Amino acid sequence: MTITDLIQSAVTTAIQELYGEAIPAEQAIPTVTRKEFEGDYTIVTFPFTRFAKKKPGEIAEELGAHLVKNVPQLVRFNVVQGFLNLVVADSFWSDFLLQMAGNPDFGRAPKNGKKVMIEFCSPNTNKPLHLGHVRNILLGWACSQICEAAGYDVVKVQVINDRGIAICKSMLAWQKFGEGATPESTGTKSDHFVGDWYVRFEQEFQDEYRTWQGSGAGQQLLAEKRKADQDDKTFFKDYKNTYFNTTSPLGKEAREMLLLWEAGDPDTKALWQRMNQWVYDGFEATYEALGVNFDKFYYESNTYLLGKDIVEQGLASGVFYKKDDGSVWADLTDAKLDHKVVMRSDGTSVYITQDLGTAQMRYQDFGTEKMVYVVADEQNYHFQVLFEILKRLGEPYAAGLHHLSYGMVDLPSGKMKSREGTVVDADDLIAEVIAEAREASKERGEIVELTKPEQEDILRKIGLAALKFHIIKVTPQKRMVFDPKESVDLQGQTGPHIQYAYVRIKSVLRKASDSGLRIADSGLGAAIRNPQSAIEPQERELIGQLYRFPATVQVAAANYDPSEIANYCYDLAKAFHRFFTDLSILKAETEEAKAFRLQLCAAVANVLKTGMGLLGIEMPERM
RNA sequence: GGCUCCGUGGCUCAAUUGGAUAGAGCAUCUGACUACGGAUCAGAAGGUUAGAGGUUCGAGUCCUCUCGGAGUCACCA
């Protein structure tokens, strides 16, 4: 039982005994006392005035006296307005420290026997990964690590959109203009290679379109169809899609290629396979650079026909209805959603049909009672509809579905736009943050005596910590502004700032160890249990933070919110830095204090490493 | 236009889910190294939490309206 649980139940008992009122447990939850007051936990007594018929301050006095008398772990209290601040005994904190310090898995819950599937990244195969994917990947990865720490078995999956007109454009451009070039022959990272052909297609198409606009046919159409409030440019911009689908020779070729693919044409399939493989190889390199991996890949080329049997079932059970033209719909108006097509009148599936089928398939594959989709918030409506339909279909996993919706990433200049070339490439970004770490390290010169590979490993850890922390610290649901300059900051509220706390501890522990001190000595343990002097405020602050870690992991898992962990780690590192400048460790006043502080340092290092590890951020031993 | 989400110092983000004087970082200014690592710490300045009402002991948080921004409303994916 945690101290907060203990206080909570003691408060409900006390209220019962003092005022004869049975209050709901959630009204007795202690909060952490604000720094400017003395105390560890606070109970707000305003809600109790209703039945106690006394002033909040009076209630707080009575409650405080009762609690201190009945709860051995509470030694004092003070009252400010209606706030009852409770002071926990030093011995409780030092006992806790002693007990958790030897546990490298502190913060990790035992297995809870439940499984959760987390889908993230889910790219298209015609372009390399960009900043948007990076946020997605970091969120998904961190969530999977956090859920695992919270006791779940986690299955990490992604759904790859490997088919459709987009990849056909890359294929066609390569076929027409590539002259057999390969990533190897051009020295290009293979996913970028494929992306370049996609760009080439768009360029060729634009050229073709521009020429056509000046032609007799184009001018004639303009004269006939242009609306009064349109200038020529906007007209042709709006018409582009129609031109691609009806008039363009290149468009025709691309669509024919898609038809060949759907018909299973061997040559087309072979080309498709070859180009997709290039993309996968490139993605894999990026995943590795980011330090993430997946347990299972689902490919849309395998799943895009799924879901039709579900439509049949839904029709039979009355969840769906059929229109005269043969199309099948779900009426979700009573859930404030709308009517939604689940099958076209020609009997082919739409996007959501495939999602219905894929959900079922995954459940059959893994039997996970929870499924999390990490997808940008532009698809909020889609997931509302999807989940509502699955619920109505009575799927056993429907209650465990969750859309981890995250906001788009903007640049200081505004939205990322591929057409304007403002998309931030993932590989470039990674290289850039590491280069920045290298520059900063040069000025410091702390790691010059290490071997080159050791140095590079550290610089990689620092650069990635800066990037990852900068993105993960933001609440997922919020749209965020990503300033590349700020993402490589190494000072302040950053990943490296937290790494630095860890490195400082490691340095102290090395020195302690060099002088023959071992913090695990039982004699030191005994000293910790009987501290000669009271625990200093800076120490107390740190221990209190450590104590909060397991609960923070649980909350982060329950909310699928890695930013919770990021903020926790920052607070802990900040508290450590303060402790470090205020108090001496190796030159502490007494041997007991020295042992205590070393133990505390080791515990902080351990939690920092675990916590940052949950975010996919590695800790260097030096920097 | 309908629906959904968002609006917090110059900038980027917090706020223990309705609690105390709204906290951090960046940028600006000032101070702290013959120190266990200065990628640090301490301090100053900067706020009518977009605006107006309301609910209550108490509102950045809940309700209503206004303003501003975003997303979404395909037999696309």
Side-chain angles (χ1 to χ4, degrees), chain A residues 29-37 42 44 46-47 49-50 55-56 80-83 85 124 161 163-166 241 300 304 323 325-329 336-338 341-352 354-355 376-382 384 405 407-408 410 412 415 437 440-441 443-444 446 462 466 470 473-475 477-483 485-487 489-494 496-501 503-512 548 551-552 555 559 563-564 567 570-571 574 576-578 580-588 597-598 601 622-623:
Chain A
I29 297 174
T31 56
V32 174
T33 303
R34 294 179 64 111
K35 273 201 189 118
E36 57 266 41
F37 302 103
T42 296
V44 184
F46 291 100
T49 55
R50 184 176 46 80
K55 289 179 182 166
V80 182
Q81 313 289 345
F83 296 88
N85 300 321
N124 294 349
N161 180 14
R163 60 171 288 279
I165 193 72
N241 231 13
E300 291 202 2
Y304 80 110
K323 280 193 179 174
D325 62 5
S327 58
V328 180
W329 296 71
K336 291 170 105 175
L337 287 170
D338 208 342
V341 181
V342 294
M343 191 167 334
R344 296 191 187 99
S345 49
D346 63 3
T348 57
S349 356
V350 291
Y351 182 60
I352 198 159
Q354 167 188 319
D355 270 1
D377 62 7
E378 58 188 351
Q379 296 203 41
N380 282 353
Y381 183 77
H382 171 76
Q384 276 182 37
S405 165
M408 298 288 209
D410 289 325
K415 283 192 72 165
S441 178
E443 291 173 16
R444 295 170 50 81
E446 286 283 348
I462 297 172
H470 187 251
K473 73 176 182 189
V474 181
T475 309
Q477 284 72 20
K478 283 195 166 178
R479 218 180 161 93
M480 66 175 286
V481 177
F482 182 92
D483 187 340
K485 282 205 296 286
E486 284 179 15
S487 73
D489 272 354
L490 309 174
Q491 294 170 8
Q493 193 178 27
T494 67
H497 175 270
I498 299 166
Q499 289 177 320
Y500 185 57
V503 164
R504 279 175 135 182
I505 293 172
K506 286 293 163 172
S507 177
V508 171
L509 293 181
R510 275 195 301 271
K511 285 209 163 62
R548 240 165 277 155
T552 305
V555 170
N559 298 336
S563 73
E564 200 101 34
N567 289 322
Y570 174 70
D571 289 342
K574 192 169 169 53
F576 172 77
H577 282 306
R578 178 165 192 169
F580 189 83
T581 41
D582 287 355
L583 302 172
S584 188
I585 300 162
L586 295 175
K587 290 177 194 151
R597 286 174 192 168
L598 280 170
C601 282
R622 303 162 194 269
M623 62 194 285

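Order of the sequence lines sets the chain letters (A, B, ...), proteins ahead of strands, with each chain counted from 1. Values in this document were obtained by computation on a predicted structure and should not be read as measured data.
- Rounded to whole Å, the P atom of B/rU4 lies 14 Å from the corresponding atom of B/rU66.
- Residue contacts shown for A/Ile462 include a base, since a base heavy atom lies under 4.0 Å away.
- A distance cut-off of 5.5 Å between ring centres, combined with a plane angle under 30°, places A/Phe46 in a stacking arrangement with the base of B/rG19.
- One C1' atom belongs to B/rC62, the other to B/rG19, and the distance between them is 14 Å to the nearest Å.
- Whole-Å rounding puts the A/Glu300 CD to B/rA77 C1' distance at 7 Å.
- A/Asn241 has its CG atom 16 Å from the P atom of B/rA74, to the nearest Å.
- Within the nucleic acid shown, A/Asn161 comes within 4.0 Å of sugar-phosphate atoms alone, with no base atom in reach, counting heavy atoms only.
- Between B/rC29 and B/rA45, the two C1' atoms lie 8 Å apart (nearest whole Å).
- Both geometric conditions, a ring-centre gap below 5.5 Å and a plane tilt below 30°, are not fulfilled together for A/Phe83 over the base of B/rG19.
- OP1 or OP2 of B/rC41 has at least one side-chain nitrogen or oxygen of A/His497 nearer than 4.0 Å.
- Counting non-hydrogen atoms under 4.0 angstrom, A/Lys336 reaches nothing in the nucleic acid.
- As rounded to whole Å, 15 Å separates atom C1' of B/rC36 from atom NZ of A/Lys506.
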Task: side chain to side chain contact (heavy atoms under 4.5 Å, CB included) between A/Arg163 and A/Asn161, worked out - done: CA-CA 6 Å; A/Arg163 60 171 288 279; A/Asn161 180 14; 4.2 Å; yes

Pick out the pairs of N or O atoms, protein on one side and nucleotides 11-17 of chain B on the other, that lie under 3.5 Å.
residue, atom, partner, partner atom, Å
B/rC13, OP1, A/Val481, N, 2.6
B/rA14, OP1, A/Thr475, N, 2.6
B/rA14, OP1, A/Thr475, OG1, 2.4
B/rA14, OP2, A/Lys478, NZ, 3.1
B/rU17, O4, A/Asn559, ND2, 3.3

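- When heavy atoms are screened at a 4.0 angstrom cut-off, A/Asn85 is found touching base atoms of the nucleic acid.
- Atom P of nucleotide B/rC5 and atom CE of A/Met408 are separated by 18 Å, given to the nearest angstrom.
- At a threshold of 4.0 angstrom between heavy atoms, the contacts of A/Pro56 with the nucleic acid are absent.
- Here the C1' atom of nucleotide B/rA32 and the CG atom of A/Leu583 are 16 Å apart, to the nearest Å.
- B/rC6 and B/rU49 are spaced 14 Å apart, taking the C1' atom of each and rounding to whole Å.
- Residue A/Gln354 is out of contact with every strand shown, counting any heavy-atom pair closer than 4.0 Å.
- The nearest whole Å value for the distance from the CG atom in A/Asp489 to the P atom in B/rU40 is 10 Å.
- Base orientation at B/rU17 is syn, since its O4'-C1' glycosidic dihedral falls within 90° of 0.
- Nucleotides B/rG25 and B/rU61 have their P atoms positioned 25 Å apart, rounded to a whole Å.
- Put simply, the side chain of A/Arg344 never gets that close to the backbone of A/Val350: no donor and acceptor are under 3.5 Å apart.
- Here the side chain of A/His470 pairs no donor or acceptor atom with the backbone of A/Asp489 at under 3.5 angstrom.
- In this structure, the CZ atom of A/Arg344 is 14 Å from the P atom of B/rA74, given to the nearest Å.
- Straight-line distance between the C1' atoms of B/rA59 and B/rU64: roughly 15 Å, to the nearest whole Å.
- Taking the C1' atom of each, B/rA50 and B/rU8 are spaced 10 Å apart, rounded to whole Å.
- When the C1' atom of B/rG37 is taken as reference, atom CG of A/Leu586 falls 12 Å away, rounded to whole Å.
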Open item on the list: Checking A/Cys601 against A/Phe580 for the side chain to side chain contact (heavy atoms under 4.5 Å, CB included) test, could you report, in this order, the C-alpha distance in whole Å, the side-chain angles of both residues, the deciding distance, and whether it holds?
Closed with: CA-CA 9 Å; A/Cys601 282; A/Phe580 189 83; 5.9 Å; no

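- Proximity of A/Thr581 to the phosphate of B/rC41: no side-chain N or O atom is located under 4.0 Å from OP1 or OP2.
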